[in-house]
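Here's the structure, in structure tokens; my notes come after.
Just follow the structure's listing: the first ligand is 1, and inside any ligand the first atom is 1.
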Amino acid sequence: MVSKLCGGVETGGTWTVCALATGPDDIHVVVEFPTESPGETVPRVVEFFRGPGSAAEAIGIGSFGPVDADRSSPDWGSVTTTPKPGWQHTPVATVLRDRLELPVAFDTDVNAAALGEHRWGAGQEVGNLCYLTVGTGIGAGLLVGGEPVRGLVHPEVGHIRIPVSDSFAGVCPVHGNCWEGVASGVAIASRWGQSPAELPDDHPAWALEAEYLALGILSIVLVASPELVVIGGGVMERAPLLPLVRERLSALNAGYLETPRLGDEVDAYLVPPALGDRAGVLGAVALAQQLLEA
Ligand code: ZN
């Protein structure tokens, strides 16, 4: 199968990335700019696809959420109830489709990243995959049989509850101390009064973070039974953190799920993204290609 040259747009909470590519080994052009208000950001995306990205046959968008990704909904292609100022109920996909007159696919940034890792990255051998990102917020894309899980809305695992063992009130504007509220990068900065990047490796923040991440990941594993969990995002760039999370995940499972993937083979079960920080935008390219192949 020859991969089509497609556009990808990753609208993150902080940065927006646009790319034109057929896959990770054939990225023609990629640009990044800060995610400002929709009135500033959407026109810049349109400009990219009228200029350097104009050869795209279709465009895929992976957006921060929550989003409406239901093709039959009148609000398809919109960001919905996000806490991000100015973005509530903002149509994104329909604007690009109408201005550029191209087929447009739309999903969450984490579902897109999960698809990218499944198509080209760490998850090529599995159909049931979780892509988890721990950065400004926490989010996860879940694939079952190679397809993103959609239903009532889409999974929003960053907002599950985990047992909390400290008195920190949490930073989620809706729930306070939900998972994202206690374990995101913003939560770490708020709890310790220093950004995660400034905390030394031996700071107690990291053991607590590993515990909280492992508790949430174990819930995902028990509910959705992914064959692989890919974990990325800015907080995970702290090298000693991933081994600590693996260790706690294994310990918290306590042998209940009798699989080496949560024991001796946990290093091959909880892995960083093979596509690195390009997983999101390449996943958006994958969304566009999937639309053309449908
Ligand atoms: Zn929450």
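Remark: at the Zn ion (ligand 1), atom SG from Cys172 and atom SG from Cys178 enclose 110°, rounded to the nearest 10 degrees.
A donor atom on one side chain and an acceptor atom on the other are not found under 3.5 Å apart for Asn177 and His175.
Nearest N/O/S atom of His175 with respect to the Zn ion (ligand 1) is recorded as ND1. Closest to the Zn ion (ligand 1) among the N, O or S atoms of His159 is ND1.
Cation-pi contact between Arg261 and Tyr269: absent, since separation from the ring centre below 6.0 Å together with deviation from the ring axis within 45° is not met.
Of the charged side-chain nitrogens involved, at least one lies within less than 4.0 Å of a carboxylate oxygen, so that Arg238 and Asp201 count as a salt-bridged pair. The existence of a salt bridge linking Glu180 and Arg161 is excluded, since no basic side-chain nitrogen approaches an acidic carboxylate oxygen closer than 4.0 Å.
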